[in-house]
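Computed from a prediction, not measured in an experiment: that's the story for all the values here. Keep in mind that the numbers below use all heavy atoms, side chains included, and drop hydrogens, waters and symmetry copies.
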Amino acid sequence: MDKTLVFRTVHEESPGAKWRSLFDYHWPAYEQWYLAEGERERPAYLACYNALRRHMPELLGTYRVLCELAGGGDLAARLLSLYRPPPYITGCSQAVLARPASTVLARNYDYPPELCEGTILYSRWNERRVIAMSDCLWGVLDGMNDRGLAVSLAFGGRKAVGDGFGAPIILRYLLEFCDSVPEAAEVLARVPTHMAYNITVADAGGRYITAMIAPDRRASIRRVPVATNHQKKIEWYAHALASETLIRERQLSILVDDEATTEERLISAFFSPPLFRHDYQRGLGTVYTAVYRPRTGRVQYHWPGKWLDLSFDDFCEERLAIRYGSRHLSAG
């Protein structure tokens, strides 16, 4: 059965009516997700607030504004903190190609389309302008700021769940307050995560890292340009097999290690198997391809036969309906 997701580009520099409209539209689904394990499994508001204050205090001003826009309710405030949220699992492939003249961060996001927010948000909540694919209403799946920092997340392929934050809020924090890979690495080493994720970061200076973060061990931060859905070794064999994480990692590593690989060659690889996946029935199909160019501040989002080309100086609001089927993907 086909599934349709409407992607929307939204430009609102300060949180206001547009963000409130997004909240009102998505809140019923997020509330159901947040309470799926029972409300008692989620932390109380004070625990959420104190966790943000301790680990990401610079975000508190924006957090308070968003909580007010959301109506000031207890449950919404707890969810928006993204502190100890319910666990969730994605696919994803991501790679950095750093060349003397340019740097590109490209990724495929593999997830059930019906659970994806589909909001590409241009904001300036603090000092930096940010373009990002939104998740959990203000979190970030992948994105870039106007200082030339680009970020992307992938599930780390481990079952461990613990005391920490959902990765999308950590990526939001990076884009709001970091300018470079070294600054981002410091944040990723200290902010706790509730699940295992692989976070790839690149900057306008051509630097890059992949941080393998988890709730039960110290972050491993290395100058590695490629990440899929495992960390140093396979620990969840069923997920690794279903997601083909090793095959995708090998393909990307071969491409990135080849000095003859151009940006065009790397990006085109994301449009075909094994990187592009059609397994939408099991929630492992590719929802979109994102390409970030931190030196020029340009970003593209791709679907077969359709793309959006955006930048901080050229960002139009529009809607794009994408239909996902078992054997095809098309733009409406």
### Task
For the pair His239 and Phe155, name the ring-plane relationship: parallel under 30°, tilted 30 to 60°, perpendicular over 60°.
perpendicular
### Task
Quick one: which residue pairs count as a ring pair (Phe, Tyr, Trp, His ring centres under 6.0 Å) with a foot in residues 104-124, not counting sequence neighbours?
His11-Tyr122, Tyr109-Tyr111, Tyr109-Tyr288, Tyr122-Phe312, Tyr122-Phe315
### Query
Parallel under 30°, tilted from 30 to 60°, perpendicular over 60°: which one fits the rings of Phe23 and Trp27?
parallel
### Message
Consider side chain to side chain contact (heavy atoms under 4.5 Å, CB included). Of Glu186, Arg128, Glu183, which one does Cys178 pass it with?
### Response
Glu183
### Message
Can you confirm whether more than 12 heavy atoms, excluding those of Arg190, are under 6.0 Å from its CZ atom?
### Response
yes
### For the student: nearest non-hydrogen atoms of Asn145 and Val130, plus distance
CB-CG2, 4.0 Å
### Query
Does a donor on one side chain and an acceptor on the other come within less than 3.5 Å for Asn198 and Gln231?
yes
### Task
Identify whether Val287 and Tyr30 are in the same connected component of the hydrophobic contact network (ILVMFWY, side-chain heavy atoms under 4.5 Å).
yes
### Task
Assign the ring pair Phe271 / His302 to parallel, tilted or perpendicular, where the plane angle (0 to 90°) is split at 30° and 60°.
tilted
#### Entry: Identified side chain to side chain contact (heavy atoms under 4.5 Å, CB included) partner of His230 from the options Arg158, Glu249, Met212
Glu249
### Query
Going by atom types only, do Thr286 and Asp110 share a side-chain donor-acceptor pair under 3.5 Å?
yes
#### Entry: Side-chain donor-acceptor pair present, Arg248, Asn108, cut-off under 3.5 Å
no
### Task
Measure from NZ or CZ of Arg78 to the centre of the six-membered ring of Tyr49 and say whether it is under 6.0 Å with the direction within 45° of the ring axis.
no
### Query
What do you reckon, is CZ of Arg99 surrounded by more than 12 foreign heavy atoms closer than 6.0 Å?
yes
### Message
I'd like to know whether CH2 of Trp33 has more than 12 heavy-atom contacts from other residues, nucleotides or ligands below 6.0 angstrom.
### Response
yes
### Task
Verify the distance criterion only: is there a donor paired with an acceptor across the side chains of Thr200 and Thr210 at less than 3.5 Å?
yes
### Message
Testing the 3.5 Å rule here: is there a donor-acceptor pair between the side chains of Thr119 and Ser134?
### Response
no
### Parallel, tilted or perpendicular: ring planes of Trp125 versus Trp138, cut at 30 and 60 degrees
tilted
### Residues Glu318 and Thr9: side-chain donor-acceptor under 3.5 angstrom
no
